[in-house]
Student: 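Take this structure, written in structure tokens, and hold onto it; I'll ask about it next.
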Amino acid sequence: MGPGFTERQFRDALGLFPTGVAIVAARVGETLLGATISSFNSVSLSPPLILFSLSRSALSASLWRSAEAFSITILGEGDRELSNRFAKAGADKWQGIDPLISDEGIPLLPAGVATFMCRTYAVHDGGDHDIFIGRAFSFSTSAGEPLLFYRGKYRHLKPPLETPLETPLGLDHVLRGW
């Protein structure tokens, strides 16, 4: 017996959670890999672990599972075209892009508001996706606002709410866990 909802209904409900947009990139042999993701998350501060997931039906799924290291670039508001390019299946995503190649052989995009370089720490079964956990060994940040995704569309940050969060312990206590 299946759930009481369709995959589309489930996807639409998940779309109510706004996310950032990022591109994960790796090199396996001479092949450059790249994919737009919204499933990027911190896992642990000590050790510094992050995760992302990729569909097992992706054309390059087996190559991703053999990647020893990867970069994740959090895209900025001006990076929509890059996001669209790397979201397409089977296209020559790297055509016209001259990635920087790190000393570790990891492709780095000349874009975004933050880039993390990671070594693959673990890959786990995530149903129809693989969950990749990476151990960050370097990162860089730059100015700008992140590209956001909400309800199937790109969005941008609005000015912060002016109403302070009311808590008897103060805002610092609430945000410390973030």
Side-chain angles (χ1 to χ4, degrees), residues 2-3 7-8 10-11 14-15 17-76 78-142 144 146-149 152 154:
E7 283 185 21
R8 180 79 247 173
F10 187 56
R11 185 179 185 136
L14 291 170
F17 185 70
T19 65
V21 182
I23 293 176
V24 60
R27 186 165 90 181
V28 177
E30 294 304 312
T31 303
L32 292 178
L33 302 173
T36 298
I37 58 171
S38 60
S39 61
F40 168 72
N41 204 62
S42 62
V43 174
S44 168
L45 295 176
S46 182
L49 302 177
I50 57 86
L51 70 75
F52 70 94
S53 65
L54 286 174
S55 174
R56 288 186 171 169
S57 66
L59 297 174
S60 57
S62 63
L63 286 173
W64 278 105
R65 285 189 288 276
S66 65
E68 295 179 5
F70 56 87
S71 66
I72 293 182
T73 300
I74 298 173
L75 299 180
D79 297 325
R80 289 180 184 191
E81 182 180 323
L82 200 58
S83 172
N84 290 337
R85 173 191 287 230
F86 280 85
K88 294 178 183 173
D92 187 3
K93 301 171 184 186
W94 293 96
Q95 184 176 355
I97 296 175
D98 190 19
L100 302 169
I101 303 295
S102 74
D103 292 342
E104 295 81 9
I106 304 168
L108 305 170
L109 292 166
V113 296
T115 297
F116 299 85
M117 289 197 298
C118 304
R119 288 184 186 83
T120 301
Y121 185 81
V123 180
H124 296 286
D125 178 353
D128 61 1
H129 281 61
D130 284 322
I131 301 167
F132 293 82
I133 298 178
R135 184 176 182 139
F137 64 88
S138 180
F139 69 89
S140 63
T141 61
S142 62
L147 181 61
L148 302 178
F149 199 70
Y154 293 120

Student: So, for Gly34 and Trp94, which heavy atoms are closest and what is the spacing to 0.1 Å?
Tutor: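 So the minimum-distance heavy-atom pair works out to N-NE1, 3.9 Å.
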Student: Within this structure, what is the OG1-CZ distance for the pair Thr120 and Arg65, rounded to the nearest 0.5 Å?
Tutor: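 If we round to the nearest 0.5 Å, Thr120:OG1 and Arg65:CZ are 12.5 Å apart.
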Student: Is the shortest side-chain heavy-atom distance between Glu68 and Glu104 below 4.5 Å?
Tutor: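 Side-chain contact under 4.5 Å: no.
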Student: So how far is it from Ser60 OG to Lys93 NZ, rounded to the nearest 0.5 Å?
Tutor: 6.0 Å
Student: For a quick test of reading the model, state the closest non-hydrogen atom pair linking Ser142 to Gly112 and the distance between them.
Tutor: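 Result for this residue pair: OG-O, 3.0 Å.
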Student: Working to the nearest 0.5 Å, report the span between CG of Leu147 and OG1 of Thr36.
Tutor: 9.5 Å
Student: Report the distance from atom CD1 of Ile72 to atom CG of Leu109, rounding to the nearest 0.5 Å.
Tutor: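 Answer rounded to 0.5 Å: 11.5 Å.
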Student: Looking at every heavy atom in both Val21 and Ser83, which two are closest together, and how far apart are they?
Tutor: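 Smallest heavy-atom distance, with atoms named: CG1-OG, 3.5 Å.
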Student: Above 12 or not: heavy atoms from other molecules or residues under 6.0 Å from OH of Tyr121?
Tutor: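 Not more than 12 within 6.0 Å, no.
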Student: Which value, rounded to the nearest 0.5 Å, describes the distance between Ile133 atom CD1 and Ser53 atom OG?
Tutor: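 Atom-to-atom, Ile133:CD1 and Ser53:OG are 11.0 Å apart.
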Student: Please test Phe132 against Phe70 for ring-ring contact (aromatic ring centres under 6.0 Å, His included), starting from the C-alpha separation and ending with a verdict.
Tutor: CA-CA 10 Å; Phe132 293 82; Phe70 56 87; 7.2 Å; no
Student: Would Leu33 and Val28 count as a side-chain contact (heavy atoms from CB on, under 4.5 Å) here? Give the steps.
Tutor: CA-CA 8 Å; Leu33 302 173; Val28 177; 3.9 Å; yes
Student: So, do Phe149 and Phe17 sit near enough that their side-chain heavy atoms are less than 4.5 Å apart?
Tutor: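 The answer is no, as the side chains (C-beta and beyond) never meet within the 4.5 Å cut-off.
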Student: Quick check: are there more than 12 heavy atoms from other residues, nucleotides or ligands sitting under 6.0 Å from CZ of Arg11?
Tutor: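 No, the 6.0 Å shell around CZ holds no more than 12 heavy atoms from other groups.
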Student: Hey, mind stepping through Asp79 and Tyr154 against side-chain hydrogen bond (donor to acceptor under 3.5 Å, both in side chains) and telling me if it holds?
Tutor: CA-CA 10 Å; Asp79 297 325; Tyr154 293 120; over 6 Å; no
Student: What are the two closest non-hydrogen atoms of Leu148 and Gly20, and how far apart are they?
Tutor: CD2-CA, 4.2 Å
Student: Do Asn41 and Phe52 make a side-chain contact, defined as non-hydrogen atoms from C-beta onward lying under 4.5 Å apart?
Tutor: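 No; the side chains remain at least 4.5 Å from each other.
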Student: In this structure, are over 12 heavy atoms from other groups packed under 6.0 Å from Phe139 atom CZ?
Tutor: no
Student: Are any non-hydrogen side-chain atoms of Pro47 and Arg135 less than 4.5 angstrom apart?
Tutor: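 Yes, close enough: below the 4.5 Å cut-off.
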Student: Within the structure provided, determine whether Ile23 and Leu82 are in side-chain contact (heavy-atom separation under 4.5 Å).
Tutor: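 Answer yes - side chains close enough.
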Student: Does a salt bridge link Arg56 with Asp128, judged by any charged N lying under 4.0 Å from a carboxylate O?
Tutor: no
Student: Is there side-chain contact between Leu108 and Ser102, with heavy atoms separated by less than 4.5 Å?
Tutor: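 Yes; the side chains approach each other to less than 4.5 Å.
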Student: Can you name the closest pair of heavy atoms from Pro107 and Ala25 and give their distance?
Tutor: O-CB, 3.8 Å
Student: For Phe137, does the CZ atom have more than 12 heavy-atom neighbours from other residues, nucleotides or ligands under 6.0 Å away?
Tutor: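 Check passes, neighbour count above 12.
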Student: Are any of the side-chain heavy atoms of Phe40 and Leu51 separated by less than 4.5 Å?
Tutor: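 No - every pair of side-chain heavy atoms lies 4.5 Å or more apart.
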Student: If I take atom CD1 from residue Ile106 and atom OG1 from residue Thr115, how far apart are they, to the nearest 0.5 angstrom?
Tutor: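 These two atoms lie 11.0 Å from each other.
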Student: Tell me, with the steps shown, if Asp130 and Leu54 meet side-chain contact (heavy atoms from CB on, under 4.5 Å).
Tutor: CA-CA 6 Å; Asp130 284 322; Leu54 286 174; 5.5 Å; no
Student: I'd like to check Thr73 versus Leu75 (side-chain heavy atoms, cut-off strictly below 4.5 Å). Are they in contact?
Tutor: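 Counting from C-beta outward, Thr73 and Leu75 do come under 4.5 Å.
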Student: Closest heavy-atom contact between Ala89 and Leu59?
Tutor: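 Smallest interatomic distance, heavy atoms only, reads C-CD1, 4.5 Å.
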